[in-house]
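Values in this document were obtained by computation on a predicted structure and should not be read as measured data.
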Amino acid sequence: MVIQLNTRFKAQGKKPNWCPGCGDHGLLSATIKTVEKKGLLPNEVVITSGIGCSSSFPHWTSAYGIHAIHGRALPPAIGVHMANPELTVISVGGDGDGYGIGGNHFIHTARRNPNITYMVMNNQIYGLTLGQASPSSQLGHITTTTPEGVEEEPINPIALALGAGATFVARAYTRDSKHLQMIIDKAMDHRGFAFVDVISPCVTFNKLNTYEWFNKRVYKLEDHDTSDPSAAFGKAMEWGDKIPLGIFYQIDRPTLNDKNPVTRNKIPVKEPLGFNAQNIDMEEVFDEFR
Amino acid sequence: MVIQLNTRFKAQGKKPNWCPGCGDHGLLSATIKTVEKKGLLPNEVVITSGIGCSSSFPHWTSAYGIHAIHGRALPPAIGVHMANPELTVISVGGDGDGYGIGGNHFIHTARRNPNITYMVMNNQIYGLTLGQASPSSQLGHITTTTPEGVEEEPINPIALALGAGATFVARAYTRDSKHLQMIIDKAMDHRGFAFVDVISPCVTFNKLNTYEWFNKRVYKLEDHDTSDPSAAFGKAMEWGDKIPLGIFYQIDRPTLNDKNPVTRNKIPVKEPLGFNAQNIDMEEVFDEFR
Amino acid sequence: MSDKNSKLPIKRFSIRYGGSAGDGLQSTGRLIQKYFNKLGYSVFGFPGTQSTIRGGHIWQHIEFAVDKIFNFSQELDLLIALNTDTLLTHSKDLKDGAILIYDTSRVKLDNYQELLDSKNIKLVGGELFRYARDINKTSTVLAMTISTAAMLRLLGLSTDEFIDTIRKRFVNKEKIIEFNIQAVKKGVEFMNANLGTVFSCEIPEKKDTRDIVVNGNEAIALGAVASGLKFLGQYPITPASQIMMYLSKHSEKFGVVVKQAEDEIAAINMVIGASFAGVRAMTATSGPGISLKTEAIGYAAMTETPLVIVNSMRGGPSTGIPTKMEQSDLMSSIYASHGESPRVVLAPKSIEDAYYITIRAFNLADKYQLPVFILSDFGLSERTSNVTPFVEKKIERGLIWTGPTEKFPVFKRKQITENGVSPRAFPPTVGGEYILVGAEHDEFSNSLSGNRCGLPLSQEIHEKMTRKRFRKLDYLQEELREGEFYGEDNADHTIICWGSTYGAVKEAIDYLNTNTDNTWNMLSFTDIHPLPKRTLKLLERINHPIMFEVNFTGQFAGLLQMYFKYSVDDRIMLLGGEAPTASFISKEAMKWRNK
Amino acid sequence: MSDKNSKLPIKRFSIRYGGSAGDGLQSTGRLIQKYFNKLGYSVFGFPGTQSTIRGGHIWQHIEFAVDKIFNFSQELDLLIALNTDTLLTHSKDLKDGAILIYDTSRVKLDNYQELLDSKNIKLVGGELFRYARDINKTSTVLAMTISTAAMLRLLGLSTDEFIDTIRKRFVNKEKIIEFNIQAVKKGVEFMNANLGTVFSCEIPEKKDTRDIVVNGNEAIALGAVASGLKFLGQYPITPASQIMMYLSKHSEKFGVVVKQAEDEIAAINMVIGASFAGVRAMTATSGPGISLKTEAIGYAAMTETPLVIVNSMRGGPSTGIPTKMEQSDLMSSIYASHGESPRVVLAPKSIEDAYYITIRAFNLADKYQLPVFILSDFGLSERTSNVTPFVEKKIERGLIWTGPTEKFPVFKRKQITENGVSPRAFPPTVGGEYILVGAEHDEFSNSLSGNRCGLPLSQEIHEKMTRKRFRKLDYLQEELREGEFYGEDNADHTIICWGSTYGAVKEAIDYLNTNTDNTWNMLSFTDIHPLPKRTLKLLERINHPIMFEVNFTGQFAGLLQMYFKYSVDDRIMLLGGEAPTASFISKEAMKWRNK
Ligand SMILES: Cc1ncc(C[n+]2csc(CCOP(=O)(O)OP(=O)(O)O)c2C)c(N)n1
Ligand SMILES: Cc1ncc(C[n+]2csc(CCOP(=O)(O)OP(=O)(O)O)c2C)c(N)n1
Ligand code: SF4
Ligand code: SF4
Ligand SMILES: [Mg+2]
Ligand SMILES: [Mg+2]
């Protein structure tokens, strides 16, 4: 009985249940292409997500995955990553999942700088629950919970990530698959927490921020100093007639595992269990208590 | 039986149980002075907090207060504020409470822009639980949970507040009471969410970031354009040999209650209860279901 | 084909539409019910939803009758199949001789032919989606209108009133109205070309009804407004989102601040703040949200903050089966939060009851200053039915202190009283200033967790305060509703149930009493916790108890054992997400016939 | 004063220090216990903590004896008062003729003089804090050393070994050692000038003991490392923080990744991820943290992810009395999270047991793939005692799939098996790829909540999977420990208890059997949920059951009623935060004497 090594990331026999035209299809295929191009194998990759249309993402791949509870894509990713730093860990989710209920994990993961790629399919709406306003819904957007239009300033994911201390901050757009793949590629190459806000339109519930709406607004960052926080923050403020795509900010900082007393030297999952197996002298341990 | 109107904000017969020298004493007295100077009355003010040494703050005043659960100083403040927009609402807490477990409420309250003043007594440590690292503990700081020193980049509260879309962002220091009072005064005058990161040293558990440490580092922002987000962000990055105090950023934006369909016109707590009392024709309401 | 003379007379008729998410089953379903309601029939609707936005299989049950319907039937008189999964899921429920309308291009009968034949099903096939596209290329939902009009023709009912209903629904959307009118015509033609009118519907006596067609969520929302709700803090989640969506829509008019929070924790803590400030406040969610609110629920109980919490239960645990029905959150509602804290749990039995129980929930919360759960479920929140227009009830805000009185010269927020209830004051009441606190505290709400914790007085206070908080339950249980019997007196068998399964069990009891030689009754509960002490008297009247609840571990049975030492050893279990029907319950109950 | 010839012989001696937060009671307390341990005595320590950092009243109990101590005594032989609140709190517990050492400038005897006189208390007053300041101006904690040395003098014990203990504790801190040595001298002088040596301590047989002095938290942490813990996700909270603090300290050496999370939700979800990746993982907290973890607990149960969750209970509800003891989270541990999900709840009875139960917890979690609670409490987590050095036990990791086998040729993460346990695979196992999911799912862990939810197969799967998950409890209950009797066989009265109150009840049973004409025994439980089925057999051996648990609603009694229809109508209640003592329990139990 031998198992064939699978090199294809596309799930066999399962088809995404996203609406036709949903932006999420775009991120899925760009991700599959990128990881395959990088020569990764599905068994070496763990994809975590929360809950939402977008968060069903792991199911459509053949990698290992954690379809966690709502808003909690990142903490299990950290757990996986520290338990076995050799695995490639990717986290995905929606704007509601990642910027709404999961917002705290987002900002704390950013400053921790684990070597994880986090991509948020931002459709500025709660898709799975049928179209309520999300924290990134545009001011004035009329949704099922905002009959007079959204009254709260939307979250600015790029600015937030910068403010939280992320070391790689980018935006991409599912309609531009080449660029998206390039960004995913760079994000995955980045040592540390790489965050990508992925514009991924919801064709069913967001009739405002449509492909057409974005097509005429997006442009690619050029001549931009990605190491300058103030410049990055200035660019982050741009959202309206012009919407920049690309890498806003990238710096080098030791990763979480570089600094952790255990993971800087060891792969925890490969270590033996217990005192004796680890050659720890129990008598010495007990001496503290005498 | 007549109750004497109390104009003094200091709690009678209760003394703060903070350690002698704790920075929190400074914020308490500066706040009391400022609100009294503004002519506010204790019965018109509600102070909310979470859990921590700092969060016992409301108990030492004679105002109304909500000593909420850990990390949840802000949501009840929003509830109070929207139920009765005539009240003055102040929220306080510690760095663990506000930037750690409560981080998500912090960023979402910032973008919502309710007319609330939020002051965080930042001592870069978990005081009440006896000295663990907090999210704002300095890199390398040796605490009871970081025997080799903090390994995670600390949160930058000013940058985070800017990234989250706060309309008033400032830093003050409990050792400079005059300046602190000035900042509290301006924060309370600000229409919208006013956030103040208050350096408030813990003399018992933080032996690193002491008064001496701060005294030689703090300086006051001058010639700083408080309306420029990039400039504010640049200044926010400053933390080390030089630590700026003052207002980093302040802009005018409609507040939550300005835009809410109910609170823009009404004081909910003063409205009559039920359909008929509100002169709502139930038949008309039911018509939708016929 | 022209109408035949001898039509089948009907008093009750059950229809099921099956299709894909996105086919518009639920919205058209409501229209059809409004139509039958207008004609004076009792109507009942129930959706079979999925947590997928497009594709998959969803369904909509619609039933109408001359007499009041308490629950939808398992057996179908008519099945309208817009996809093949409809047959997979529902063909087993077709009655002998029932009718199947189906889309010939989407539905493959092959695997079902034998079954359909054996049941003598009348087949009416047509290219419903093509007809729809012929009217308007992009609007596949017209297939629903076409099949509905075909159904009306089958029943010999006028389509004019149906068109009126459509007009009202789409007021000012002339194009849509026009398309629908064409679709109605097409549907009638289509049925005329097939079976024509087969049934003769008994005409209800009720005319010009003022009944309204609402679902459980709407009933709760309306009940909350009638109670004086001013603040709703909520985070979207199936099947509770609709409460927020409905109240948002009318936020300004109803004077209800609706705050969609960043998560469920923020939502309930906002509500606590609002309640502290003096307004009536509520949060609504389902299981996952309740789990997140757990800590705050204990805080509300400890601080004695009135709060109404709607939990619309769905299949669990965890994400579970989020668009299906289960009654599995009973114990977790009673025991949510660490430590010991009192609360009330009410489980409405019907849509009407959902409205009135909401009013009771607000009154109990205010009078006894504690969190009150309304335990709805997917089956109740999403079912629709016609109900008599709701009326307002007395609002009781409990003990509110606005200044010194003889009894309360000084304000002590947690004053220890006989029934455990203390006065509340709202800011800016002068003299009422106090700090709400989740640590144990004295009568003035001064926290003990600082300097005074550990002194002998703090032990005494904790014990006194615990007793005070729980004493409220002793008093309030007296005003709770006790279980309600229905069926034969002193019956051989009693089915015990709680909450939303009331209607299904009731219909089962009628069936069992008619169709078996045993006598049957039911004892149904809505006020679950604390169970009124006099419940034991009711239980003692039972000869043979059978528990019916939609969960695995038998939670309510466990409560009866724990609180009354009353054992129910026989139970009917349903697990799988579908709401119960009378025929399922009857069939299961039959096991004990003559035992 | 010089030593007298006739000294009081003692076998057991109880001491209480009372002072303010910041006086160093707890750290010196541990030193003193290490000292007695070294001499071969059994020791027992218990702190009376406050959630205030400075000031307030805290205390430290220290007891030593020739024979094993199971719990600290209520009655005191010696009270060392560093503030007046010490008298307020503890003077009532002084034995007749006991000794009071006190600081004359801080302690006002006035209000207590009468009581002290009536009890013939020997007073030894001195300016302990001034003596301390005389040695070193800033180090008031030296007052603890001074009074301790005075105590040793009183007992006629050598101070050399005590100085050794100090040297070891402050190794390389010569200044501190020097100050302490001066303080010891001062203390001896002080006592010589007062009572001198009053007692003659029986010398224990045990010599050169290798026993260690640990508290419950440390025992759990050590047990976890012995079990192969690799990942601890935690957020600070009393009284569980110490677990994280101890493991952080040795993180590198023990190979345990310690991640202090941003909140309890992140902590447990990190742990879930780590467990998924194949390591043994744990989270620890107390009530408020458990409440926040509620949603993830259900997710772990649903996804069958092994997990050890320490809940060190404290006084509730809400913030409650955070530094006091209560057993009030039993029901909320069993029912935490919406829907129905299996879990195991173990409550260690002693410090030794805390270590060994932790190992069992990890083995059960892995073998049955579910969350296992360790229900400690403030009383156990913070008590200290000498225990035999712990030994390692077999580690059982359960069914792990690393490639095709005859029995499992294809990997199905949720394969339905006889005992409900399915194989697990960890990344990067080839062929083991699967998605962990909280929605209901099939054997391959494919989610049903998307397109397949609502089809008949999904009902079937939900039912099968629910049964599978709960079947694990049926199997595992067989390997759980049943209740343990102690005391007279077939006794007149049986005190039933669970968890950490074991020691206090045990001592009470001894007392009652010696001092009453009734016979008494106890039935103590550590494995609480699921209660082994054979428990009923034990219960049937009881003549008159009395329940003792430290909560208000009688939670364990409720469980016995619910699961075994076994009624315990008499109970001893303790509420107020202080850990129980044998004399409290005996006194209460006496009520049933001769009944
Ligand atoms: C604790 C909890 N609260 C609420 C929900 C309901 N819920 C599921 S998905 C979702 C929002 C999803 O929005 P987003 O993350 O933007 O994903 P999208 O569907 O738009 O891709 C919500 C509120 C839940 N599953 N769990
Ligand atoms: C849910 C929950 N988790 C943990 C705790 C324990 N706890 C109380 S205060 C605190 C940290 C306080 O730190 P900070 O907010 O910085 O306040 P400080 O004491 O430093 O002023 C913690 C972790 C709690 N009370 N509730
Ligand atoms: S509803 Fe929106 S987000 Fe969800 S699958 Fe459809 S298009 Fe995508
Ligand atoms: S421990 Fe620190 S934060 Fe707490 S009161 Fe003392 S000085 Fe202040
Ligand atoms: Mg979205
Ligand atoms: Mg702090």
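- Neither the backbone nor the side chain of D:Phe444 comes within contact range of chain A, judged by heavy atoms closer than 4.5 Å.
- Interface remark: D:Ser275 contributes no atoms to any contact with chain A (heavy atom separation under 4.5 Å).
- Heavy-atom distances place no part of D:Val410 under 4.5 Å from chain A, backbone and side chain included.
- Looking at D:Glu262 and A:His105, their side chains come closer than 4.5 Å, going by heavy atoms from C-beta outward.
- Heavy atoms of D:Leu222 lying under 4.5 Å from chain A belong to its backbone as well as its side chain.
- Among A:Ile78, A:Thr48, A:Thr109, A:Ile69, the residue making the largest number of heavy-atom pairs under 4.5 Å with chain D is A:Ile69.
- The contact between D:Arg30 and chain A is made entirely by side chain atoms (from C-beta outward), counting heavy-atom distances below 4.5 Å.
- Considering only heavy atoms from C-beta on, D:Lys230 stays 4.5 Å or farther from A:Met82 through its side chain.
- At a 4.5 Å heavy-atom cutoff, D:Val271 makes no contact with chain A through either its backbone or its side chain.
- Annotation: side chain of D:Ile272 is not in contact with side chain of A:Arg72 (no heavy-atom distance under 4.5 Å).
- Scanning all heavy atoms of the two residues, the minimum distance from A:Val269 to D:Val279 falls at CA-CG1, 3.5 Å.
- Interface residues of residues 87-104 of chain A toward chain D, defined by a heavy-atom distance below 4.5 Å and sorted by number: A:Leu87, A:Asn104.
- Listed options A:Asn84, A:Ile280, A:Thr263, A:Asn6 were ranked by heavy-atom pairs under 4.5 angstrom with chain D; first place goes to A:Ile280.
- Contact of the A:Val285 side chain with the D:Phe254 side chain is registered, since non-hydrogen atoms from C-beta on lie closer than 4.5 Å.
- Put simply, the side chain of A:Asn265 reaches to within 4.5 Å of the side chain of D:Glu252, judged on heavy atoms.
- In this structure, A:Thr61 and D:Glu433 have side chains that are not in contact, with every pair of non-hydrogen atoms separated by 4.5 Å or more.
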Next item on the list: Decide ring-ring contact (aromatic ring centres under 6.0 Å, His included) for D:Phe411 and A:Tyr64; before the verdict, give the C-alpha distance in whole Å, the side-chain angles of both, and the deciding distance to 0.1 Å.
Entry: CA-CA 13 Å; D:Phe411 178 69; A:Tyr64 278 95; 8.0 Å; no

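- Nearest heavy atom pair, residue D:Ala277 against residue A:Ala83, reads CB-CB, 3.8 Å.
- Taking 4.0 Å as the cut-off between side-chain N and carboxylate O, D:Lys249 and A:Glu288 count as a salt-bridged pair.
- Interface remark: D:Asn386 contributes no atoms to any contact with chain A (heavy atom separation under 4.5 Å).
- Between D:Gln260 and A:Arg112, the shortest heavy-atom distance links the atoms O-NH2, 3.5 Å.
- Contact annotation for D:Lys38: neither backbone nor side-chain heavy atoms come within less than 4.5 Å of a heavy atom of chain A.
- Contact annotation for D:Ala296: both backbone and side-chain heavy atoms come within less than 4.5 Å of a heavy atom of chain A.
- The contact between D:Tyr299 and chain A is made entirely by side chain atoms (from C-beta outward), counting heavy-atom distances below 4.5 Å.
- Using a 4.5 Å cut-off between heavy atoms, D:Glu218 contacts chain A through its side chain alone, with no backbone atom that close.
- For D:Ala425, the parts lying under 4.5 angstrom from a heavy atom of chain A are both the backbone and the side chain.
- Between D:Asn269 and A:Pro75, the shortest heavy-atom contact is CB-CB, 3.6 Å.
- Of the two parts of D:Phe390, the backbone and the side chain both hold a non-hydrogen atom closer than 4.5 Å to a non-hydrogen atom of chain A.
- Across A:Asn260, A:Asn276, A:Val46, the residue that shares the most heavy-atom pairs under 4.5 angstrom with chain D is A:Asn276.
- Counting heavy-atom pairs closer than 4.5 Å to chain A, the top-ranked of the candidates D:Gly233, D:Ala439, D:Gly432 is D:Gly432.
- The closest side-chain heavy-atom distance from D:Lys253 to A:Gln278 is not below 4.5 Å.
- The minimum heavy-atom distance between A:His59 and D:Ser445, with the atom names listed, is CE1-O, 4.4 Å.
- Residues passing the side-chain hydrogen bond (donor to acceptor under 3.5 Å, both in side chains) test with D:Glu161: none are found, sequence neighbours excluded.
- Side-chain contact check for A:Pro268 versus D:Val256: every heavy-atom pair is 4.5 Å or farther apart.
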